[in-house]
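Below: one structure, written as structure tokens.
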Amino acid sequence: MRRHIFESEHEQFRESARRFFQTEIGPNGARWRAQGYVDREAFRRAGELGYLLMWADERYGGSGVADFRYEQILIEENARYGERGFFMTLHSRLVAPYIGQLGTEEQKARILPKCARGETILGIAMTEPDAGSDLAGIRTRAEDRGDYWLLNGSKTYISNGQIGDLFVVVARTDPQRPHGLGLFLVERGMEGFARGRNLAKMGLKAQDTSELFFDNVKVPKANVLGDPTKGFHYLTHFLAEERLITACGSVANAQAAFDITLAYVKERRAFGRPIGTFQSSRFRLAEMRARIDAVQVFVDQCVLEHNAGRLDAVTAAEAKLLATELEGEVVDACVQLHGGAGYMEEYEIARMYTDARITRIFAGSNEIMREIIGRALDLDERKLK
Ligand SMILES: Cc1cc2nc3c(=O)[nH]c(=O)nc-3n(C[C@H](O)[C@H](O)[C@H](O)COP(=O)(O)OP(=O)(O)OC[C@H]3O[C@@H](n4cnc5c(N)ncnc54)[C@H](O)[C@@H]3O)c2cc1C
């Protein structure tokens with residue numbers, strides 16, 4: 001289905017972005033997957049081309065372009081031609097805005113230009129061994145010691161955890177209040193800050209995912225982000241955009257899986273004809289085509305709503321839920337249509353299958369998305385008891 005949300009300048013941008021992902025990212029994928037992380041050079045190159053922190057003001061190294069459609073294009077082109085383990089958007093549009101929106105002038109001037117150049121790589125550390133979906137269970141503690149905050153605890157499953165230079169770390173500042181959390185900027189080299197191993201995952205092999213440890217880390221007051229008691233409130237605000245980012249990526253992955261598979265079923269023959277011409281294959285692909293189009297329209301509309309400042313948390317949750325469930329179903333059906341080849345890692349579709357499994361879990365699991373949507377229907381058991 002034709003998409004109507006892009007203007008000619010977006011299409012031009014897409015062409016140059018496509019060249020970047022086709023020539024400088026995609027060809028490195030196999031090597032990055034083997035080594036377990038993306039070369040830092042990829043971030044630097046993206047920075048050089050102006051693809052990082054596009055939303056940031058020019059004085060902080062950005063281009064002052066808040067229009068989310070440009071980020072959506074980067075997400076889509078990376079999904080299609082780049083490497084799904086290259087978490088450029090996490091750095092650029094998911095973590096950096098915490099600093100852009102909550103940071104002081106000093107923090108923004110000190111940190112953002114290096115992020116825009118791809119010299120400082122960002123991550124966000126919320127999840128802990130005993131607290132994932134339930135952020136109120138966070139145990140990492142930050143104590144106000146006058147000149148600094150003393151940070152103790154650990155995080156797990158942190159994206160960009162090995163190559164990252166600066167992490168927004170969520171820590172408890174008020175032991176009495178479940179939502180008494182603060183956000184702290186922890187930098188590479190701070191005494192007491194250590195990383196665990198690069199965790200072995202079923203998919204997204206090029207993406208480094210790690211544990212982080214904080215042992216009496218003295219975080220200077222200059223590295224506190226916003227009000228240290230309002231972290232929970234800030235997270236709620238930023239998580240809506242995280243869900244939209246995930247939705248854009250998932251529908252793009254579903255579309256890519258569909259295209260790869262359509263080409264495959266036209267080539268591959270069985271019983272004297274292309275396998276795509278069996279009615280069961282044709283029906284399956286027809287169903288996928290219709291559903292991808294429908295979800296794409298919904299996600300595109302969410303992007304426009306987001307640009308207008310109107311995307312609410314519930315609608316973002318709907319987009320995340322729909323797009324990631326779609327991705328899961330599409331990659332599964334596409335593996336089936338590939339037959340044995342679909343199980344072989346050398347085939348892109350096999351990697352798409354394992355890479356896709358996480359999208360229903362991270363950025364808020366889909367059960368949590370259903371909770372958010374369900375509670376908005378006035379079906380909150382806490383209120384209806
Ligand atoms: C590859 C990868 C990258 C990640 N990157 C990051 C990162 O950069 N930063 C970060 O902070 N975290 C990151 N995470 C962590 C991710 O966000 C969490 O794994 C996710 O939020 C789920 O938390 P959990 O693993 O503790 O699962 P749990 O919270 O233990 O959930 C387990 C199951 O219980 C279900 N469940 C939980 N609560 C409810 C409920 N109220 N109702 C119904 N069902 C419920 C869940 O949906 C899930 O199915 C990453 C994880 C992975 C695997």
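Order of appearance sets the numbers: ligands from 1, and atoms from 1 within every ligand.
A salt bridge between D300 and R69 is absent, with no side-chain N of the basic residue lying under 4.0 Å from a carboxylate O of the acidic one.
Neither side chain, N198 nor Q162, offers a donor N or O lying under 3.5 Å from an acceptor on the other. S63 and E58 share no side-chain donor-acceptor pair at under 3.5 Å.
The N/O atoms of F362, backbone and side chain alike, include none that comes under 3.5 Å of an N/O atom in ligand 1. Residue D134 places no N or O, backbone or side chain, under 3.5 Å from any N or O of ligand 1. Residue contacts with ligand 1: S365 is placed with a nitrogen or oxygen under 3.5 Å of a nitrogen or oxygen of the ligand (distance criterion only). Checking only distances, Y157 does come within under 3.5 Å of ligand 1, N or O to N or O.
Near M126, meaning under 4.0 Å from one of its heavy atoms, ligand 1 places the atoms 10 (C), 11 (O). Ligand 1 places these atoms under 4.0 Å from at least one heavy atom of K201: 1 (C).
Considering only non-hydrogen atoms, atom 37 (C) of ligand 1 lies nearest to S133 out of S133, G164, P129. Nearest-heavy-atom check against atom 20 (C) of ligand 1 across I361, N366, L212 picks out I361. Evaluated by nearest non-hydrogen atom to atom 48 (C) of ligand 1, the leading choice among E367, R370, R360 is E367.
Aromatic ring orientation, F13 versus Y51: perpendicular (interplanar angle above 60°, classes split at 30° and 60°).
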